[in-house]
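Heads up, the thing below is written out as structure tokens.
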Amino acid sequence: YRNNSIKTERDFPMNKTQLKWSALSVLFFSFITHGYRFFNNMYSHDALLMVYQGDFAWQIALGRFLQPLLLFFRGSLCNPWLISFCAVFWIFLSVYFLAELLNIHHPAGITLISGILICNMTTIVANASYLPWVDFYALSCFCAIFGIWCLKKGCAASRAQGWWYAFGVFFLVFSMGIYQSYICVAIGLAMIDILADLRQRETFRNTLKKVLCYVFSLLAAALLYYLAWKILQNILHIWTADGYNGLAEVGDYSDTSLFAVLANTYRQVFQYFWNPDTFKSLVYRNYSFMNIWQIILRFVNLMIFAFVLVQIIRANIRQKSLWWQDLLQAVILLLFPFGINFVSFISKGMEQPLMIFAFSLVYLLALQLCASLRRAMPALFVVIPLGLLLWSNVVYANQVYLKKELQAEATQAMLSRIVVSVESTENYVAGETPVAFSGNFQASDYLQELADFEEIAPYGMGKSTATYVGTDYALLKYLLNVNMNLTRINTGEEEVKKQLDEMPCYPAQGSIRYIGETLVVKIAD
């Protein structure tokens, strides 16, 4: 597994073998894990609402002010194949520069880096329910990785080379301007790089220089990001989102316990590794073998954690590290969960799979330690567990996409029946009669959870593709393309509420009727 060749220092890496293995491994894992998604629409959840991405003002309000620029070049229509191609390209570059950053140049190591970046819960959930932003997430991740790579080059330079620092800060700002959560990737990689230097008995002066470089560069990037966002907001007269995902209250802990938020930040990291998602397996006498796979993956994560700690301790003993090196490594390891989940801390505990990509850096740290081993046998304690983890995620991803497609067909079939019923209603005129839905498909008793798929329930997946109010109208607009004058009724009016309470839910007789001049379809209470 280890690389026996001597690698010479280069200003800019152009290793043809590394390029080839990065490309081939990324293509391999992309197609076996997400290929099903690449070639199918399966619009659902937010992806269903954003078949046309006209939410650029909202994204700026959320602090993702560079997304409109990307839409200008990529286009605003959610095209699965184009988005997937762009994402694969950015992941390829991420793998290549991660291999450089972590000093992993063996084909096996590059292949595993590709698997870690592609076969993870963040990427699966993004492809399943947030397709319009998948290439944006991939680009944000690459910018975070390349930013740290540039900063590392600047720190390693024998004399001051300010352009490396400028490039690093620029790409970190670019990463946050697309999607802020990937700054955790940059923080985690900076910690991993410092740990690597400490294991190699780097001098105190050089270590301090690198620590200060990373700290001040990250702070400078955060400041420049904030200033750029505020300037654009003022120019375009766009508000700051203060609700879900908003930045209005970021850093304000006046209404909560700082200690509780900090404890929750650590808890979320360890809970992720302790309760991994996995695929549906055999069921025998009401016992699901899916539970066995979850135990296997839990053991896999424990093995990787143990491997990291043991190898760092062994390296320190072998290199006869100094006391300050041991102390700094211990501090970094203690802060590592905080660093890779920093966004949860500043958002006061908010967490979802799209925000936790940096958790995968634990596996990259273990992989880097493998690459530094002089014997192949101990590396198997990471390579084999990682193989099991990646295979579990490959199967899980394909099961998620299959369920999404079946749900899309079921939801579309139900909506088609509703359209036929609406068009059969007396005095209905297509495109003229106001039509309103009451309730949403997710709460409907008529649409059931897909049989045998109940345990496959990642974030953003409900029992239908129309998971919240608004996605039902998107179905009518984009997938059925019917000429229907859709509107909403004011449920706050007493008379409207009274008549809705009297109506049964679809498909019962009387679930479609006029309230005033509006034809109302009651989907759920």
Side-chain angles (χ1 to χ4, degrees), residues 22-23 25-27 29-30 33-34 59 62-67 69-70 74 83-102 104 110 112-128 130-152 167-193 217-218 221-222 225 272 339-344 351-365 367-368 390 393 397:
S22 298
S25 58
V26 165
L27 287 174
F29 279 111
S30 294
T33 311
H34 309 295
Q59 294 299 332
L62 291 172
R64 304 162 194 171
F65 60 88
L66 288 175
Q67 288 197 17
L69 177 64
L70 300 179
R74 192 256 280 164
I83 290 172
S84 301
F85 173 82
C86 293
V88 168
F89 175 74
W90 295 122
I91 294 172
F92 154 66
L93 291 181
S94 296
V95 170
Y96 184 75
F97 282 98
L98 260 180
E100 285 287 320
L101 184 63
L102 301 175
I104 299 173
I110 296 171
L112 286 173
I113 291 174
S114 300
I116 292 168
L117 263 61
I118 293 167
C119 310
N120 59 76
M121 287 303 128
T122 299
T123 309
I124 293 170
V125 168
N127 275 281
Y130 302 90
L131 181 66
W133 302 277
V134 165
D135 54 339
F136 295 171
Y137 300 150
L139 176 56
S140 179
C141 182
F142 164 70
C143 289
I145 292 168
F146 190 68
I148 293 298
W149 183 84
C150 290
L151 293 176
K152 181 179 179 180
F167 285 154
V169 171
F170 171 80
F171 278 98
L172 292 178
V173 171
F174 207 90
S175 175
M176 287 186 284
I178 301 171
Y179 194 69
Q180 303 94 328
S181 295
Y182 285 92
I183 193 61
C184 292
V185 173
I187 295 172
L189 287 175
M191 289 182 169
I192 290 175
D193 186 41
S217 296
L218 286 165
Y225 157 77
Y272 171 82
I340 60 178
N341 202 25
F342 177 69
V343 169
S344 175
E351 184 197 60
Q352 50 156 292
L354 296 177
M355 301 165 62
I356 61 172
F357 185 88
F359 291 9
S360 299
L361 295 183
V362 172
Y363 305 125
L364 291 177
L365 174 57
L367 205 57
Q368 184 193 53
L390 296 181
N393 289 342

Step-by-step side chain to side chain contact (heavy atoms under 4.5 Å, CB included) determination, Ile113 to Leu364: CA-CA 7 Å; Ile113 291 174; Leu364 291 177; 4.1 Å; yes
Intermediate values then yes/no, side chain to side chain contact (heavy atoms under 4.5 Å, CB included), Leu172 and Leu151: CA-CA 10 Å; Leu172 292 178; Leu151 293 176; 4.0 Å; yes
Donor-acceptor contact below 3.5 Å, side chain Lys152 vs main chain Asp193: no
What pairs of donor and acceptor atoms, side-chain ones from residues 131-147 against any protein atom, are under 3.5 angstrom apart with sequence neighbours left out?
unit_1, atom_1, unit_2, atom_2, d
Trp133, NE1, Gln67, OE1, 3.3
Asp135, OD1, Arg74, NH2, 3.2
Asp135, OD2, Arg74, NE, 2.9
Ser140, OG, Ser175, O, 2.9
Ser140, OG, Ser175, OG, 3.1
Ser140, OG, Tyr179, O, 3.2

From Ser22 atom OG to Phe97 atom CZ, the distance as rounded to the nearest 0.5 Å: 10.0 Å
From Ile118 atom CD1 to Ser94 atom OG, the distance as rounded to the nearest 0.5 Å: 9.5 Å
Ile356 and Glu351: CA distance, side-chain angles, deciding distance, side chain to side chain contact (heavy atoms under 4.5 Å, CB included) verdict: CA-CA 8 Å; Ile356 61 172; Glu351 184 197 60; 3.6 Å; yes
Where Met121 and Asn393 come nearest, the two heavy atoms and their spacing: CE-OD1, 3.1 Å
Which residues share a ring pair (Phe, Tyr, Trp, His ring centres under 6.0 Å) with Phe65, sequence neighbours left out: Tyr225
Show me the side-chain donor-acceptor pairs of residues 184-191 shorter than 3.5 Å, one per line, residues at least two apart or across chains.
none

Smallest separation among heavy atoms of Val173 and Ala221, with atom names: CG2-O, 3.4 Å
Derivation of the side chain to side chain contact (heavy atoms under 4.5 Å, CB included) call for Ser30 and Leu27: CA-CA 5 Å; Ser30 294; Leu27 287 174; 5.7 Å; no
Note, Ile124 side chain near His34 side chain (heavy atom, < 4.5 Å): yes
Student check: side-chain heavy atoms of Leu112 and Leu390 closer than 4.5 Å: yes
pair Phe357-Leu117: side-chain heavy atoms closer than 4.5 Å: yes
Shortest non-hydrogen contact from Thr122 toward Pro353: OG1-O, 2.6 Å
Approximate separation, where rounding is to 0.5 Å, of Phe342 CZ and Ile183 CD1: 9.0 Å
From CZ (Phe174) to OH (Tyr182), nearest 0.5 Å: 15.0 Å
Note, Leu102 side chain near Ile192 side chain (heavy atom, < 4.5 Å): yes
Heavy-atom closest contact (Ile340 atom, Val362 atom, distance): CD1-CG2, 4.3 Å
Shortest non-hydrogen contact between Val343 and Gln180, atoms and distance: CG2-O, 4.0 Å
Spacing of OH belonging to Tyr272 relative to CG belonging to Asn341, to within rounding of 0.5 Å: 11.5 Å
Separation of Cys86 SG from Ile91 CD1 (nearest 0.5 Å): 11.0 Å
Distance-minimising heavy-atom pair for Met355 and Ser181: CG-OG, 3.4 Å
